[in-house]
Protein chains: 2
Amino acid sequence: MTRPYSKALRCLQEVGLRPTRQRLALTKLLFDNNDRHITAELLHHEVNEAGAKVSLATIYNTLHQFTDAGLLKEVIVDSSRTYFDTNVSDHHHIYFKDDEELQDISSDELVIKSLPSVPEGKKISGVSVVVHMENKAD
Amino acid sequence: MTRPYSKALRCLQEVGLRPTRQRLALTKLLFDNNDRHITAELLHHEVNEAGAKVSLATIYNTLHQFTDAGLLKEVIVDSSRTYFDTNVSDHHHIYFKDDEELQDISSDELVIKSLPSVPEGKKISGVSVVVHMENKAD
DNA sequence: ATAGCTGCAAATGCTTTGCAAGGCC
DNA sequence: GGCCTTGCAAAGCATTTGCAGCTAT
């Protein structure tokens, strides 16, 4: 209770980012609970609701710094929104369009049997698999 | 030669869209060659270079009308750009980040072995697989 | 002290929309 | 003629950036 930010603090120090008030608040929200999928806008609401004032610009900056540092992963599922995933391991997603919600697919639920050959001078930087779900009664 | 638009014309009539000058020009560019992956911006350049004047707004409108009609498929690979695919069959993609180019993956090159279970009241509306490639010498 | 960080407001880039003028049936 | 289309310009939205002031070390 007297050191509510110790975990977040260590997290930031590890990647060499100054533990500012804003970054501590964001880190806490992002990594205290496992496996979050969040947008900048959503995180902005959360952090401000939690009492810490952080500007949207800083949220965007921080999310990208965290992504560059390997703490987050960007997930492309919707052309109008960018999601960030706190699970940075190799895995795939289910996107619930009607709920605008993202969920991990556990590795044993979806298996890719083979990948295409890689052209000369190129390399695979990532494989993105998104299963799009929608409500049945549409 | 005297009926250069006959194919495009049939195409539009099939989906019940009036064969206007603009739509004919776009249809021709999109469907005369197989398997195109294109953005609104790019198509805009192409059509204007080909001599037909079509506004960007109309390009966007038309691309969406075609998508609704089932002539095109939207592909989500990059958060800042929307690609449309003239191949509407079920298949997957390779995205070359450095070239901003999209390519089909032939169905025998990538196989999904299993899919996650579908929650009550939901259905799978699509499965998107994108292999992201980048230049090796980065 | 100073390099890094934050926040505002403005700018950006892609996409959509309102509406008046024009084109197809 | 009447309804569908088009095009412009303006609006919209998510995201980025410039810069002056603030903060951690």
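In what follows, chains carry the letters A, B, and so on, assigned in the order in which the sequence lines appear, proteins first and then strands, with residues in each chain numbered from 1. Scope of the values below: all heavy atoms of this structure, side chains included, with no hydrogens, waters or symmetry mates.
For C:dC14, the OP1/OP2 oxygens have no side-chain nitrogen or oxygen of B:T82 closer than 4.0 Å. Distances shown here put every side-chain N or O of A:R23 at or beyond 4.0 Å from the OP1 or OP2 atom of D:dT23. When the side-chain nitrogen and oxygen atoms of B:Q22 are compared with OP1 and OP2 of D:dG7, one or more of them lie within a distance under 4.0 Å. For the pair B:S55 and D:dT6, the criterion of a side-chain N or O lying under 4.0 Å from OP1 or OP2 is not met. A close approach under 4.0 Å does not occur between any side-chain nitrogen or oxygen of B:S80 and OP1 or OP2 of C:dG13. In terms of phosphate contacts, B:Y60 brings no side-chain nitrogen or oxygen within less than 4.0 Å of OP1 or OP2 of C:dT16.
If you measure from atom CD1 of A:I59 to atom P of C:dC8, you get 12 Å, rounded to the nearest angstrom. Across the protein-nucleic acid pair, B:K53 atom NZ and C:dG23 atom P stand 15 Å apart, rounded to whole Å. Between B:R21 atom CZ and C:dC24 atom P there is a gap of 9 Å when expressed in whole angstrom units. Rounded to an integer number of Å, the gap from B:L42 CG to C:dC14 C1' is 14 Å. When the P atom of D:dA14 is taken as reference, atom CZ of A:F84 falls 14 Å away, rounded to whole Å. When the P atom of C:dC5 is taken as reference, atom CG of A:L26 falls 14 Å away, rounded to whole Å. Residue A:L63 contributes atom CG, which lies 10 Å from atom P of D:dT15 at whole-angstrom precision. Summarising the geometry, the separation between CG on A:L56 and C1' on C:dA9 is reported as 13 Å, rounded to the nearest angstrom.
Non-hydrogen atoms lying under 4.0 Å from DNA chain D are contributed by nothing in residues 64-79 of chain B.
Below 30°, between 30° and 60°, or above 60°: for A:H37 and A:H93 the angle between ring planes is above 60°, a perpendicular geometry. Ring orientation note: the planes of B:Y83 and B:Y95 are nearly perpendicular, at an angle over 60° on the 30°/60° scale.
With the nearest nucleotide of DNA chain C identified for both B:R81 and B:T20, B:R81 has the one nearer the 5' end. Each of A:A57 and B:N61 has a nearest nucleotide on DNA chain D; the 5'-most of these lies closest to B:N61. Nearest-nucleotide assignment on DNA chain C puts the 5′-proximal partner with B:T39, out of B:R18 and B:T39.
Linking ILVMFWY side-chain heavy atoms closer than 4.5 Å, directly or via other members, places B:F31 and B:L12 in a single hydrophobic cluster.
Between the side chains of B:K122 and A:N135, at least one donor N or O lies within less than 3.5 Å of an accepting N or O.
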**OP:** Could you please spell out the steps behind the ring pair (Phe, Tyr, Trp, His ring centres under 6.0 Å) verdict for B:F84 and B:H64?
**Re:** CA-CA 9 Å; B:F84 292 87; B:H64 285 132; 5.7 Å; yes
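Counting heavy atoms from C-beta outward, A:M133 and B:P119 have side chains that approach closer than 4.5 Å.
A donor-acceptor contact shorter than 3.5 Å is absent between the side chain of A:D85 and the backbone of A:D35.
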